[in-house]
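Here the structure comes first, spelled out in structure tokens, and everything after it is commentary.
When reading the values below, keep in mind they use all heavy atoms of this one structure, side chains included, and skip hydrogens, waters and symmetry mates.
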Amino acid sequence: MTEQSSSPRVAVVTGAARGIGAATALRLAADGYAVAVVDLTEEAGKETVERIAAAGGRALAVGADVSDAGQVQAAVDRIAAELGAPVVLVNNAGVLRDNLLFKMSESDWDTVMNVHLKGAFLMSKACQKHMVDAGFGRIVNLSSSSAQGNRGQANYSAAKAGLQGFTKTLAIELGKFGITANAVAPGFIATEMTAATAARIGMEFEAFKAAAATQIPVNRVGTPEDIANTISFLAGEGAGFVSGQVIYVAGGPLD
Ligand code: NAP
């Protein structure tokens with residue numbers, strides 16, 4: 001376990017039961033962090049925790065809806081008590097409620113805003129106190145290439161663009177406390193989220209991925225590990241002069 005002062009460093013990853021969040025939790029555990037695996041239920045996070053333990057790491061499954069202020073505060077209090085004060089936060093929890101604007105319901109809009117934007121706000125607010133006390137912190141928010149606009153995703157693209165402004169503001173406010181904030185904006189990553197999109201438009205996932213790959217300069221779709229690798233860099237001590245950035249991890253140029 002990597003040590004900061006006398007205590008192990010603690011990282012929190014939301015939406016870490018599967019996909020990008022699970023890969024990130026595994027990677028940060030391999031990097032030496034004790035990892036809080038936050039997902040909607042404690043049960044959902046157990047598999048990730050077991051995979052981390054099997055690889056020799058330390059993790060704790062914590063159930064919380066990141067869009068609920070009371071559940072977020074209780075989760076962060078529990079993490080601080082059982083693992084230690086969190087100094088790395090990855091705001092990864094996410095949902096899709098895709099639809100063309102004229103069919104998008106108010107509930108589709110609110111759900112996406114609440115999980116992505118309000119969730120990142122609540123988690124960051126609850127964790128920053130521990131980071132300020134430690135004089136060190138790393139916040140990484142999951143944006144998306146969809147922040148640049150994507151048909152059927154008025155809610156999601158607005159939330160992911162919003163997260164970029166949120167990230168830059170955190171970088172400005174928290175920098176003097178040794179805390180950086182950055183956003184990682186993935187392109188097409190093969191997860192249950194993109195599998196669900198394929199199902200929604202009536203395509204086989206393999207064909208959907210193959211079609212996407214033809215539009216990507218490196219000629220393949222991304223993996224959760226592609227994103228975890230970038231988050232690992234941003235979470236590390238060596239990235240202390242990188243703050244307020246949006247890093248597109250999309251197999252080609254986006255800005
Ligand atoms: P995923 O496979 O759908 O995993 C998301 C996880 O977040 C799930 O375990 C989900 O739980 C959890 N979650 C949803 N709402 C939550 C809430 N309110 N509180 C706590 N946890 C919650 O998604 P992914 O593809 O790994 O994506 C991870 C992040 O990357 C998301 O922010 C996504 O928008 C972003 N991203 C993904 C891609 C891509 O191509 N996959 C591209 C760009 C950006 P349930 O299973 O119970 O819903």
Side-chain angles (χ1 to χ4, degrees), residues 1-16 20-38 48 52 57-60 62 64 66 72 75-76 79-80 83-94 116-117 119-144 160 163-186 224-249:
M1 180 75 61
T2 303
E3 302 270 318
Q4 188 201 8
S5 307
S6 57
S7 46
R9 282 193 178 166
V10 175
V12 181
V13 184
T14 69
I20 293 168
T24 300
L26 278 151
R27 175 57 194 261
L28 294 180
D31 289 346
Y33 294 93
V35 180
V37 172
V38 176
T48 305
I52 289 171
R58 184 169 170 225
L60 173 74
V62 178
V66 297
V72 164
V76 174
I79 291 161
L83 274 188
V87 293
V88 173
L89 169 64
V90 182
N91 284 309
N92 167 83
H116 294 271
L117 267 183
F121 159 67
L122 292 173
M123 286 297 305
S124 301
K125 191 172 172 189
C127 288
Q128 61 84 34
K129 183 186 178 308
H130 296 288
M131 298 180 188
V132 169
D133 289 348
F136 176 91
R138 299 281 183 264
I139 297 173
V140 182
N141 298 315
L142 268 290
S143 179
S144 169
K160 291 308 199 186
L163 277 167
Q164 297 188 6
F166 177 67
T167 301
K168 291 173 190 183
T169 300
L170 295 193
I172 291 165
E173 291 187 10
L174 300 175
K176 67 181 173 189
F177 303 108
I179 302 168
T180 65
N182 290 286
V184 173
E225 290 72 25
D226 287 319
I227 306 306
N229 288 339
T230 306
I231 294 172
S232 168
F233 163 70
L234 292 170
E237 233 169 284
F241 207 53
V242 182
S243 199
Q245 299 304 303
V246 179
I247 301 183
Y248 282 91
V249 183

- prompt: Side chains of Asn92 and Thr24: is there a donor and an acceptor less than 3.5 Å apart?
  reply: no

- prompt: Any side-chain heavy atom of Thr48 sitting closer than 4.5 Å to one from Ile52?
  reply: yes

field: Side chain Thr14, main chain Ala93, donor-acceptor under 3.5 Å
entry: yes

- prompt: To the nearest 0.5 Å, what is the distance between CG (Asn141) and CG (Leu89)?
  reply: 7.0 Å

query: Any donor-acceptor pair under 3.5 Å linking the side chain of Lys160 with the backbone of His116?
result: no

message: For Phe121 versus Phe166, what's the shortest heavy-atom pair and its separation?
response: CA-CZ, 3.6 Å

- prompt: Can you name the nearest heavy-atom pair linking Ser243 to Ala181, along with the distance?
  reply: OG-N, 3.2 Å

query: His130 versus Val10: any side-chain heavy-atom pair under 4.5 Å?
result: no

- request: Start with the C-alpha gap between Leu163 and Leu117, add the side-chain angles, then the distance that decides, and say whether side-chain contact (heavy atoms from CB on, under 4.5 Å) holds.
  value: CA-CA 6 Å; Leu163 277 167; Leu117 267 183; 4.0 Å; yes

query: Can you check whether Thr167 reaches Thr169 side chain to side chain, under 4.5 Å on heavy atoms?
result: no

field: Option passing side chain to side chain contact (heavy atoms under 4.5 Å, CB included) with Val76 (candidates Met123, Lys129, Lys125)
entry: Met123

Any side-chain heavy-atom pair of Phe136 and Arg9 under 4.5 Å: yes

- prompt: Rounded to the nearest 0.5 Å, what separation is found between the CD1 atom of Ile227 and the CG atom of Leu142?
  reply: 7.5 Å

message: I'd like to check Val242 versus Phe233 (side-chain heavy atoms, cut-off strictly below 4.5 Å). Are they in contact?
response: yes

- prompt: Would a distance-only check, ignoring hydrogens and angles, find a side-chain to backbone donor-acceptor pair under 3.5 Å from Arg138 to Glu237?
  reply: yes

query: Side chains of Pro186 and Tyr248: closer than 4.5 Å at any heavy-atom pair?
result: no

task: Flag the pair Val38 / Val13 as yes when at least one side-chain heavy-atom distance between them is below 4.5 Å, and no otherwise.
output: no

query: Under 3.5 Å, side chain of Ser143 to main-chain N/O of Gln164, donor-acceptor pair present?
result: no

- prompt: If every non-hydrogen atom of Ser124 is compared with every non-hydrogen atom of Ala120, which pair is closest and at what distance?
  reply: OG-O, 2.6 Å

- request: Any chance you could lay out the side-chain contact (heavy atoms from CB on, under 4.5 Å) test for Ile79 and Val62, step after step, and finish with the verdict?
  value: CA-CA 8 Å; Ile79 291 161; Val62 178; 3.9 Å; yes

query: For the side chain to side chain contact (heavy atoms under 4.5 Å, CB included) test, which of Val90, Val88, Thr180, Val140 pairs with Leu234?
result: Val140

message: Is there a side-chain contact (heavy atoms from CB on, under 4.5 Å) between Glu225 and Leu26? Walk through the geometry before answering.
response: CA-CA 9 Å; Glu225 290 72 25; Leu26 278 151; over 6 Å; no

- prompt: So Val87 and Ile179, side-chain contact (heavy atoms from CB on, under 4.5 Å) or not? Walk me through it.
  reply: CA-CA 9 Å; Val87 293; Ile179 302 168; over 6 Å; no

- prompt: Is a side-chain donor or acceptor of Tyr33 paired with a backbone partner of Ala235 at a separation under 3.5 angstrom?
  reply: yes

- prompt: Does any N or O in the side chain of Ser232 come within less than 3.5 Å of the main-chain N or O of Ala228, such that one atom is a donor and the other an acceptor?
  reply: no

